[in-house]
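Okay, structure first, notes after.
Labels below follow one simple rule: chain letters A, B, ... track the order of the sequence lines, proteins then strands, and each chain is numbered from 1.
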Amino acid sequence: MHLIVRVKDRVNYWLMKSEPEVYGIGNLERDRTTIWDGVRNYQARNFLKSMQVGDVAFFYHSNTNPPGIVGLMQIVAAQVVDPSQFDPDGDYYDPKSTPTAPRWHTVKVEFVRTFSNVITLATLRDRFTPAELLVVKQGNRLSVMPILDRVAEEILELSPAKG
DNA sequence: GCCAACGTTGGC
DNA sequence: GCCAACGTTGGC
């Protein structure tokens, strides 16, 4: 049986977590772009690898009060070799990685906007089931995850731009 | 600070 | 290849 796969240009949506104490949306607004380095989980890495330029990602603040989605960013470079894997003095050094055989790829993201209010985890739990949105699942530790189009659009409706 | 969830490591 | 021990994430 043959399937005709129609390849269409489409935007994929993602959610990416960071602790604001380490690197928050304010840091990204200041820097405009950043390499999303330091992810050392294979499932998260595989999602990072599948991101394409133009994809949109929600910036999620974790390990803070309240946790939640705080803004938007866009993928501006894909398949970026994570430079932190080569730094022997850094927290993310991977001695098994070499420049010719890097183990960790990531993306470069660009600031789009900060939401006027945090879309808290509690709000997300009210609106979405764990099957719809993985981040609301209890005990979820994945720091990069895909977001269904329908869910992304609903989140965007909750998020007027700041100012 | 506690602890549930869960990914990773390593002994066997 | 199993699985107990351990370490980390991250909400609360």
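The distance between atom CG of L15(A) and atom C1' of dG10(C), rounded to the nearest whole Å, is 14 Å. At whole-Å resolution of the value, NZ in K17(A) and P in dT8(C) are 17 Å apart. To the nearest angstrom, C1' of dT9(C) lies 16 Å from CZ of R40(A). dT8(B) atom C1' lies 10 Å from atom NZ of K96(A), rounded to whole Å. With rounding to whole Å, L121(A) atom CG is found 18 Å from dT9(C) atom P. As a whole-Å value, the separation of M16(A) CE from dG10(C) C1' is 18 Å. Rounded to an integer number of Å, the gap from F47(A) CZ to dG7(B) C1' is 15 Å. For the pair L142(A) CG and dT8(C) C1', the computed distance is 14 Å after rounding to whole Å.
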For nucleotides 2-6 of chain C, list the nitrogen or oxygen atoms of the protein found under 3.5 Å from its nitrogen or oxygen atoms, one pair per line.
none

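In this structure, Q74(A) contributes its side chain and V56(A) its backbone to no donor-acceptor pair below 3.5 Å.
Contact annotation for N140(A): backbone-only contact, meaning every heavy-atom pair under 4.0 Å involves sugar-phosphate atoms and none involves a base. Across all strands shown, Q138(A) has heavy atoms under 4.0 Å from sugar-phosphate atoms exclusively, and none from any base.
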Dump the intermediate steps for side chain to side chain contact (heavy atoms under 4.5 Å, CB included) on V136(A) and L121(A), then the final yes or no. CA-CA 7 Å; V136(A) 307; L121(A) 179 59; 4.3 Å; yes

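Closest approach to the R125(A) side chain among dT8(B), dG11(C), dG10(C) is made by dG11(C) (side chain taken as heavy atoms from C-beta onward).
Nearest-nucleotide assignment on DNA chain B puts the 5′-proximal partner with N63(A), out of N63(A) and N41(A).
Tested against D82(A), the residues R103(A), R40(A), R45(A) include a single salt bridge (charged side-chain N to carboxylate O under 4.0 Å, His left out) partner, R40(A).
The OG1 atom of T120(A) sits 9.5 Å away from atom CD1 of I69(A), with the distance rounded to the nearest 0.5 Å. Summarising the geometry, atom CG belonging to L15(A) is positioned 4.5 Å from atom CD1 belonging to I147(A); distances are rounded to the nearest 0.5 Å.
In this structure, Y23(A) and F59(A) have parallel ring planes: the angle between them is below the 30° cut-off, well short of the 60° mark.
Between dG11(C) and Y60(A), a contact under 4.0 Å exists linking OP1 or OP2 to a side-chain N or O.
Annotation for R125(A): atom CZ counts as buried by contact number, over 12 foreign heavy atoms lying within 6.0 Å.
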